[in-house]
Amino acid sequence: MDLSKTVNLPKTDFPMKANLPIVEPNIIDFWNENRIYYKALTKNKANKSRILHDGPPYSNGKIHLGHALNKILKDIVVKYWTLKGFYSPFIPGWDTHGLPNEKAAISTYNIDRKKVSEVYIREKSKEIAVYYSEIQKGQFKRLGVFADWENPYLTLNPSYEAAIIRAFGSLAKNGYIYRELKPVYWCYDCETSLADAEIEYKEKKSPSIVVSFELSTKFKDLDNLYALIWTTTPWTLPANVAIAYKPNSSYVIIEYQGKKYIVAKEAYFNAEQLKFLRDSSVILADFTSDELLNLTAKHPFLNRLSIFVPADYVDLNNGTGLVHTAPGHGYEDYLTGKKYDLPILSPVDKEGKFTEEIDFLKGLHIDKANDVIIEVLEKNGNLLFKSFITHSYPHCWRCHNPVIFRATYQWFLDVEKMKESLINSVNKVEWFPSWGEERMKKMIENRPDWCLSRQRVWGVFIPVLFCKNCGESIVDPDLIENIASIVEKEGSDVWWEKEVKYFIHKSLHCPKCGGSEFEKEKDIFDVWFESAVSHFAVLYNNLGHPCELYLEGADQYRGWFQVSLITSVGIFGYPPYNKVLTHGWVLDQEGRAMHKSLGNVIDPMEIVEEYGADILRLYFASSEYTNDIKMSKNTLNVVVEMYKKIRNTIRFMLGNIHDFDINQWKVNFNDLPVLEKYILSKHYQLIDKVEEYIEKFEFHRYVYEIYDYIVHILSAIYLDVRKDVLYTFDKDSFERRAAQFVILKILKDLLIMLFPVLSFTCEQAWKNIPLHNVSSVSCYLQSWPQKDKITDVEFYQKIVDFYKEVLPIFEKYKNSGLIKTTNESLLKIYTDQNYRFFEENKKLIKELFKVSDVFVFNEQKNDLDYVVIDNNNIFVEFEKSNYHKCERCWNYYPELKDYNIKVCGRCFDVLQKIGMFA
RNA sequence: GGGCCUCUAGCUCAGGUGGUUAGAGCGUACCCCUGAUAAGGGUAAGGUCUCUGGUUCGAGUCCAGAGAGGCCCA
């Protein structure tokens, strides 16, 4: 007789082999067809809301692991909130304007910028941006990310563009916008400014000269003293207004060919540029650079003074240690100029020719001016040394000519003015991890004013007019609102398509000269400004402002977190977020950043196609992601093993409830057997822990907590012990139905709790729960697990502890070869002080240990192995029993019933009931 | 060069306010089971807590330096 046919073995269609790459797309179809994301939203509509505001990725390529990490983490948070009952719509966004896409359009469609209209370039740039946002959308969906994919926000949407314009208007109204000269990269051949990304570095031959500036006052009681500077751009000397020195450093006065000069001491001994005088000069004096503060020197050929200022960037090993400073022609010079309130001179026009500001150079191109200036210096005796050097120098990416720094008018946001309220705002935000607060403060403290304008076409124009008569700029809130409402209907192309008068809705006069003829600003916004106002465009008036959480990579302290804070404080006076959470970078196995050039880049979609999205999701969720995450195929396999364990346990539970119907077999919690109560009490502790960890965004602890529960509690104890009941008891027996009742409860809770991470697997398992036991078609439409009150099981923990302690002792007996399994063994327990406890719980001990019998003796047996319970030694020994093995349940009994087969009394009853002995 | 961060067993992670033999899981080795079976149960071996100094009766835990790596700037 085949007795295995008479046992209730597990049965399920949930396969052991996951086959995620094949299965997951079907589950996505299921989610789409049943609109699960939207149904879950509707379910919680009336509840309290919690909003995670999506930071828009730039739409110029496929996603990388960083994108995948970011969106998966966001997805975990939003899914958890939703299961918890919060109303948490997730509106995904894309950053679409800006240089990278404009460049991509120009190269993809081979555009000659001088020959086509701005609107044409914009049209092509838009094509690229929309194309990649769609690609990324598809990839994010494949990762299992739930979002309102049908209504994302794109910064190129007219409504978003209008919000950008309104945000600018609001900031202007609050007094944070100003216009000022600032040096930018300038190509005099293309007659345009260039962004950093449009610069290529090439070797260039330049003059290298050392020039003297005579001090205008006595220093150290010395007359006729000169400061020496070194430059490779003589043409910038007309714009010189200062000489920078390194603070708190040693400088010297030297005598060379009868004249006295100041240079840095280190430069004097080491700098290549001072070699010519080193052997034929002597040091007269030694002093600290700080004594130079506020001294002045005469410009070598203009009637002007140049002031000494400190600057940390001064290099003491190159040049003279005194740096010629022209704020109109260099970025560092500009910052120094701003700091010390120096004039920003830029006497060079857009073609690279000198303006009338400098008489003797007027109309001369800077290349020719170099020679003229050197001649003048020589004539005046200010040129000490002249040669040529070849060095790396920025060139234009289009025409390949050298570029210059040229000051032009730019729009700024006055960050300096709001710094105090920015710092206060930082204090109001909760930062995860907590050091984020410190980092953000430091960065804000050091941040200069924000240059908002770009000389480009793919973006949103700056809504400003200029008076044709006097050149005054018109920043008028009323006008800006009118422009915004036009853009909201027609899109920002309208600025390039229509005449000025189209935007002026009522009579407008220049506040300065009364003129009524205007022209449009040509510059567009820095794309950072566009994403910086997403809280204004997406949250305000829609989802609620401020929102609960921003969640991005740690690079965004400098980026989105900071610029969003600035615009929010500028517009509203408070931050756009209550909490900020950051993650690290995804690195390779050696902990190095992934770079194409290193060949160590892993494509997230490759992982999805080989392992499945759930594996990637579990990988990120089980990593301490506030640090950098190392990623390799090897470590992926570790997660795969973890996944298998979780999956198999789920499968085993599914298999054991195949004939269970909750409607028929609902069990009162108080009636449950002790083991069931114990397991549930552990389960409720788990629910608490899981909530605690997710609320703190410590996903790895949340995942490990569940995993440990599965390994230590479910698999190792409960399910292992209960196999006997589940398989061999009468299928309708209370013991079996009670076990199934608990297994169903735990299974459902686990699937719900794991859903934020293992969405695909949990959904697939959910579909395999026998139908009448579930109330919704999707796991995601469930609510977070509820806890019941369980009492009176604490004593059982002592038995479990005893079991864990005794296992190594059993192993010893097993290794002696006399016994092989606990089933065939007797357990003898010797204890005087705990005699009653063990005697009373003999049955539970027998069940847990799976031994054939337990004997408890009220005595100490000091020659045996022992374990310590409640500070008392409990002595134990195992012995092979002389009991007989039941052929059906494989347990051992003193006596068996003997028909054709030998079975125990319990199995006999079961067999009789199912008609085996009819 | 500056700001912020990381560094605990082969791997992924735990280790409030400093205090007995530094904990899990995976992996490895070995054993058991063969009615969760390309599964299940168990035992064991793995760590001078990156390094060097210091404070302390006592430091993975505090302080100072160094090294390696990351992000953001210059």
Side-chain angles (χ1 to χ4, degrees), chain A residues 2-12 14 16-17 66 312-313 315 331-332 335 433-448 553-559 561-562 582-593 618-619 621-624 626-632 634-645 647-656 698-701 703-705 707-712 714-717 719-721 723-724 726-728 803-804 806-812 814-815 817 819-824 850 888-890:
Chain A
D2 186 2
L3 285 171
S4 69
K5 293 227 168 76
T6 72
V7 253
N8 307 303
L9 294 179
K11 207 189 308 181
T12 178
F14 185 71
M16 179 177 278
K17 186 167 162 43
D312 283 324
Y313 56 78
D315 183 354
Y331 187 67
E332 285 182 327
L335 292 180
S434 55
W435 48 255
E437 180 170 339
E438 179 73 8
R439 184 166 180 176
M440 183 57 95
K441 278 184 188 167
K442 283 265 161 63
M443 281 183 167
I444 286 172
E445 276 164 14
N446 297 321
R447 186 191 213 294
D555 53 332
Q556 300 303 333
Y557 286 106
R558 180 72 189 186
F561 299 145
Q562 188 180 126
T582 60
H583 60 251
W585 241 233
V586 183
L587 309 176
D588 74 4
Q589 191 165 20
E590 275 75 44
R592 285 168 207 285
L618 185 60
Y619 194 102
S622 58
S623 301
E624 214 289 83
T626 62
N627 289 334
D628 296 334
I629 297 172
K630 288 191 215 169
M631 166 77 81
S632 71
N634 267 344
T635 42
L636 265 167
N637 283 326
V638 173
V639 174
V640 167
E641 291 307 313
M642 185 172 173
Y643 174 83
K644 280 185 185 169
K645 178 72 187 182
R647 186 181 178 90
N648 272 322
T649 306
I650 288 171
R651 178 169 183 267
F652 185 64
M653 290 198 277
L654 280 169
N656 277 300
E698 295 178 358
F699 302 148
H700 65 287
R701 304 184 76 175
V703 168
Y704 283 119
E705 199 68 29
Y707 184 68
D708 280 354
Y709 172 77
I710 286 176
V711 171
H712 292 288
L714 283 183
S715 212
I717 295 181
L719 295 173
D720 205 41
V721 170
K723 275 192 268 190
D724 184 39
L726 290 163
Y727 293 177
T728 69
Y803 171 64
K804 290 279 179 194
V806 170
L807 276 172
I809 297 175
F810 172 73
E811 195 70 8
K812 248 181 77 179
K814 196 171 74 173
N815 289 337
I819 46 176
K820 291 204 156 182
T821 66
T822 50
N823 287 54
E824 57 174 355
K850 291 157 279 176
R888 181 167 178 277
C889 69
W890 301 346

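Each chain gets a letter, A, B and so on, in the order the sequences are listed, and its residues count up from 1. These figures come from a predicted structure and were not determined experimentally.
Using atom P as the reference point in both B:G3 and B:A74, the two lie 15 Å apart (nearest Å).
For the pair A:Lys645 and B:G41, the criterion of a side-chain N or O lying under 4.0 Å from OP1 or OP2 is met. Distances shorter than 4.0 Å separate some side-chain N or O of A:Arg651 from OP1 or OP2 on B:U37. Using a 4.0 Å cut-off, some side-chain N or O of A:His700 falls inside it from OP1 or OP2 of B:A14. An OP1 or OP2 oxygen of B:G41 is reached within less than 4.0 angstrom by a side-chain nitrogen or oxygen of A:Ser715. Listed pair A:His712 / B:A24 fails the phosphate criterion, with no side-chain N or O lying under 4.0 Å from OP1 or OP2.
Checking B:C30 for Watson-Crick or G-U wobble geometry (two distances, each under 3.5 Å) identifies B:G42 as its partner. Across all strands shown, the partner of B:G1 is B:C73, judged by Watson-Crick or G-U wobble contacts whose two distances both fall under 3.5 Å. Using Watson-Crick or G-U wobble geometry with both donor-acceptor distances under 3.5 Å, B:C49 finds no partner in any strand shown. Remark: B:U20 base-pairs with no nucleotide in the shown strands. Criterion, Watson-Crick or G-U wobble with two distances under 3.5 Å. Base pairing analysis places B:A68 opposite B:U6; the two distances defining the Watson-Crick or G-U wobble pair are each below 3.5 Å. In this structure, B:U61 makes no Watson-Crick or G-U wobble pair, since no nucleotide meets both defining distances under 3.5 angstrom. With a 3.5 Å ceiling on both atom-pair distances, the Watson-Crick or G-U wobble partner of B:C11 is B:G25.
Looking at A:Glu445 and A:Lys442, no side-chain N of the basic residue comes within less than 4.0 Å of a carboxylate O on the acidic one, giving no salt bridge.
Nearest to the side chain of A:Glu438, among B:C4, B:C33, B:C13, sits B:C4. Of the listed nucleotides (B:C4, B:G27, B:G25), B:G27 has the atom at the smallest distance from the side chain of A:Glu641. Counting only heavy atoms from C-beta on, A:Trp435 has its side chain closest to B:C4 among B:G27, B:A14, B:C4. In the set B:C32, B:C71, B:G41, B:C32 carries the atom at the smallest distance from any side-chain atom of A:Thr821. The nucleotide whose nearest atom lies closest to any side-chain atom of A:Asn815 is, among B:G3, B:C31, B:G35, B:C31. Residue A:Ala716 places its side chain closer to B:G42 than to any other of B:G42, B:G27, B:C13. When the nucleotides B:A36, B:G69, B:G15 are ranked by their closest atom to the side chain of A:Thr649, B:A36 comes out on top. Residue A:Asn627 places its side chain closer to B:C5 than to any other of B:G35, B:C5, B:C11. Of the candidates B:A36, B:G42, B:U12, the closest approach to any side-chain atom of A:Leu807 belongs to B:G42. Looking at the side chain of A:Glu332, the nearest of the listed nucleotides B:A74, B:C72, B:G40 is B:A74.
Counting non-hydrogen atoms under 4.0 angstrom, A:Tyr707 reaches the backbone sugars and phosphates but no base. At a threshold of 4.0 angstrom between heavy atoms, the contacts of A:Glu811 include nucleobase atoms, whether or not backbone atoms are also involved. Nucleic acid contact class of A:Thr728 (heavy atoms, under 4.0 Å, all strands): base. Residue A:Lys442 is in sugar-phosphate contact alone, with no base atom involved, counting any heavy-atom pair closer than 4.0 Å across all strands shown. At the heavy-atom level, A:Gly655 lies nowhere under 4.0 Å from the strands shown. Within the nucleic acid shown, A:Met16 comes within 4.0 Å of sugar-phosphate atoms alone, with no base atom in reach, counting heavy atoms only. Backbone-only engagement by A:Asp720 is indicated by non-hydrogen atom pairs under 4.0 Å involving sugar-phosphate atoms exclusively. At the heavy-atom level, A:Glu590 lies nowhere under 4.0 Å from the strands shown. Residue contacts shown for A:Arg888 include a base, since a base heavy atom lies under 4.0 Å away. Heavy atoms of A:Lys723 sit under 4.0 angstrom from at least one base atom. Note on A:Ser4: a base of the nucleic acid sits closer than 4.0 angstrom, heavy atoms only.
In this structure, A:Tyr704 forms no aromatic stack with the base of B:A24, since the conditions of centre separation below 5.5 Å and plane angle below 30° are not both met.
Atoms CG (A:Leu618) and C1' (B:C13) sit 13 Å apart, rounded to a whole Å. The distance from atom CG of A:Leu335 to atom P of B:A74 is 9 Å, rounded to the nearest whole Å. B:C71 atom C1' lies 7 Å from atom CG of A:Asp555, rounded to whole Å. Across the protein-nucleic acid pair, A:Arg592 atom CZ and B:C7 atom P stand 18 Å apart, rounded to whole Å. A:Lys644 has its NZ atom 15 Å from the C1' atom of B:A36, to the nearest Å. What separates CD of A:Glu705 from P of B:G15 is a distance of 12 Å, to the nearest Å. Atom pair A:Tyr619:OH and B:C26:P shows a separation of 18 Å (rounding to whole Å applied). Between the P atom of B:C32 and the NZ atom of A:Lys850 lies a distance of 16 Å, rounded to the nearest Å.
Using cut-offs of 30° and 60° on the angle between ring planes, the pair A:Tyr727 and A:Phe652 is perpendicular.
A:Thr822 places a side-chain N or O within 3.5 Å of a backbone atom of A:Lys850 that can act as its donor or acceptor partner. For A:Asp628 (side chain) and A:Trp585 (main-chain N/O), a donor-acceptor pair under 3.5 Å exists by modelled atom type. For the pair A:Arg888 (side chain) and A:Thr728 (backbone), a donor-acceptor distance under 3.5 Å is present.
Donor-acceptor pairing under 3.5 Å, judged by distance alone, is absent between the side chain of A:Arg439 and the base of B:C72. Under 3.5 Å, the side chain of A:Lys814 and the base of B:C31 form at least one donor-acceptor pair of N or O atoms.
Side-chain contact between A:Ser715 and A:Asp720 is absent, with no heavy-atom pair separated by less than 4.5 Å.
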